[in-house]
Amino acid sequence: MAIQAPKGTKDVIPKESYKWQYLEGLARELCQLYGFREVRTPVIEHTELFLRGVGDTTDIVQKEMYTFDDRGGRSITLKPEGTAGAARMFLENGLFNDAQPTKMYYLNCPVFRYDKPQAGRLREHHQFGVEVYGAPLASADAECIRLAMALLGKVGVRHISVHINSIGCPNCRPAYNDALRSYLRGRYGELCDVCKSRFEKNPLRILDCKEERCRAVCQGAPTILDCLCGECAEHFSQLQGCLAGVGVQFKVDPYIVRGLDYYTKTVFEIIAECQGYTGTVCGGGRYDGLIAELGGPQLPGVGFGMGMERLLLVAELSGAAIPLPPSVDVYIAALGEAARSQGFALVDGLRAQGIRAEFDHVGRSFKAQFKYADKLGARKVAILGDDELSKGCVKLKDMASGEERLLPLEELAGALKN
RNA sequence: GUGGGUAUAGUUCAGCCUGGUUAGAAUGCCAGAUUGUGGCUCUGGAGGUCGUGGGUUCGAGUCCCACUACCCACCCCA
């Protein structure tokens, strides 16, 4: 075999790319409507950014990052998620000096995680995500969730549900961790090895474990929602009010904790259950400590990431209608040296007027040119042979009706516009 | 990191169990079916070192081993 694309990466081939462009178009349109502006940040960042931002105890940082030393001896990492880079960009460019909030989005942002690939999971995938900095109120969280749902709705994804939780803040989480640890301590031996290691550092993640025995142990555990401080409880309740107010159905799921350390208060996941595939299409939450953690001012943040590949996957599983790209308006079928050079100029003139015109670059016979025009979905074919050339005309054929008529060259553009 | 599956034309696959002449189909691609005309149909053509390496055998796409790649599940996540 010749060289293949690296494991866990995927090509988008010409006949598939319109689907991506369609999703991108919808996302852009919505972001504009919701007042978000696009940002683009580097694919590579200093490894340090993710150690501090994402958290050095997370799976992502511990075993999934593409990290290497560059030729100058700097430790560089291919971004494993979008938020840390956006936060860095926000800080580095002093955007906190502008009027807040700062509402941003990124589209088709490549992210890399060294995982074992499977359905809906790649080593390089692309995210659409939004970031809101400087907005402490729960309405900002709700706005993000609403935007994600609006996109999924527009795309036509079915069977999706919103799961929300609050994981508290530095004021209340330590107390909860203590409560959780004291509950778990009695049944410590029943936990899986991974969870035993989580016990001291991050007991919250034990709730997220999918092991049967750990789930059983967690059944009667106190939930974070019982231990939230007044501010967090109030925030969570406001979030629910905002969501209900805009008609977003949700489930409160105290077991959502998420795998990134920067979250505070709100966390959420949008889960799709389409025939044969169940998975998170969108995940996010609030990160009020992130900007400060990276050395900036104490400014809150909230946002989400949505996997484009997963979005497309569930869109197709839902039978969502993705409109085909516009086809060729007219194919100029020219035969013979003189006709070809005239035809090429003709195509150029039509394109200058916004008409999608195509031309033969292969040297095919008329018959083959017609076949090719048909494959391209050309609505009309303009025939330019010796006969037409001598009269200064083209014969314009409607491919659907088969009807043909002879018309002067200069009338072609006009005829095509009708 | 753990487990399962697969690897044969551009693509989707058959053939393998029960080794034996020139490895097939469908689809796609190219060409033709009288004079300059697509779709439908018919005919023909091109296209494969059967993932790589080793082994068994008179003989391996087929049996055995190793490697690699891909797919799927777990874990985790988008």
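Each chain gets a letter, A, B and so on, in the order its sequence line appears, and its residues count up from 1. Since the structure is predicted, the reported quantities are computational estimates derived from the model, not experimental observations.
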Once you apply a heavy-atom cut-off of 4.0 Å, does [X] come out as touching a base, just sugar-phosphate, or nothing?
X	result
A/Asp115	base
A/Pro110	nothing
A/Ile270	nothing
A/Ala373	nothing
A/Glu124	nothing
A/Leu122	base
A/Gly82	nothing
A/Gly129	nothing

How far, in whole Å, is [M] from [N] if one measures between their [atom1] atoms?
N	M	atom1	result
B/C64	B/G20	P	15 Å
B/C16	B/C63	P	9 Å
B/C65	B/G24	P	29 Å
B/G54	B/A60	C1'	13 Å
B/A7	B/G51	P	8 Å
B/G32	B/A14	P	35 Å
B/C70	B/U11	P	15 Å
B/G53	B/U43	C1'	43 Å

Short side-chain N/O contact to [N] OP1/OP2 from [X], under 4.0 Å:
X	N	value
A/Lys116	B/C71	no
A/Gln118	B/C71	no
A/Arg364	B/C30	yes
A/Lys15	B/G10	no
A/Lys63	B/C76	no
A/Lys7	B/C70	yes

For [N], give its Watson-Crick or G-U wobble partner with both distances under 3.5 Å, or none.
N	result
B/U35	none
B/C74	B/G1
B/G45	B/C29
B/G20	B/C58

If you only use heavy atoms from C-beta on, which nucleotide in [options] is closest to the side chain of [X]?
X	options	value
A/Ala368	B/A31, B/C77, B/G38	B/A31
A/Arg113	B/C72, B/G39, B/A78	B/A78
A/Ala119	B/C71, B/C72, B/A78	B/C72
A/Asp374	B/G39, B/A73, B/A78	B/G39

Is [X] side chain donor-acceptor paired with the [N] base, going by distance under 3.5 Å alone?
X	N	answer
A/Lys395	B/U37	yes
A/Arg310	B/C77	yes
A/Lys397	B/G38	yes
A/Glu404	B/U37	yes

Quick one: on RNA chain B, does A/Ala378 or A/Met308 contact a more 5' nucleotide (nearest heavy atom)? A/Ala378
Taking the inter-plane angle between the rings of A/Phe304 and A/Phe128 on a 0 to 90° scale, is it parallel (under 30°), tilted (30 to 60°) or perpendicular (over 60°)? perpendicular
Mind checking whether A/His361 and A/Phe344 have parallel, tilted or perpendicular rings, split at 30° and 60°? perpendicular
Pair A/Ser318-A/Glu316, side-chain donor/acceptor within less than 3.5 Å: no
Just by distance, with hydrogens left out, do A/Asp56 and A/Gln62 show a side-chain donor and acceptor under 3.5 Å apart? no
Taking the six-membered ring for Trp, is the centroid-to-centroid distance between A/Tyr105 and A/Tyr34 below 6.0 Å? no
For A/Ser327 and A/Gly377, indicate whether the former's side chain and the latter's backbone hold a donor-acceptor pair under 3.5 Å. yes
Test: A/Glu269 and A/Arg258 ion pair at under 4.0 Å: yes
Give the intermediate values and the outcome of side-chain hydrogen bond (donor to acceptor under 3.5 Å, both in side chains) for residues A/Tyr262 and A/Glu81. CA-CA 12 Å; A/Tyr262 52 61; A/Glu81 54 92 56; 2.5 Å; yes
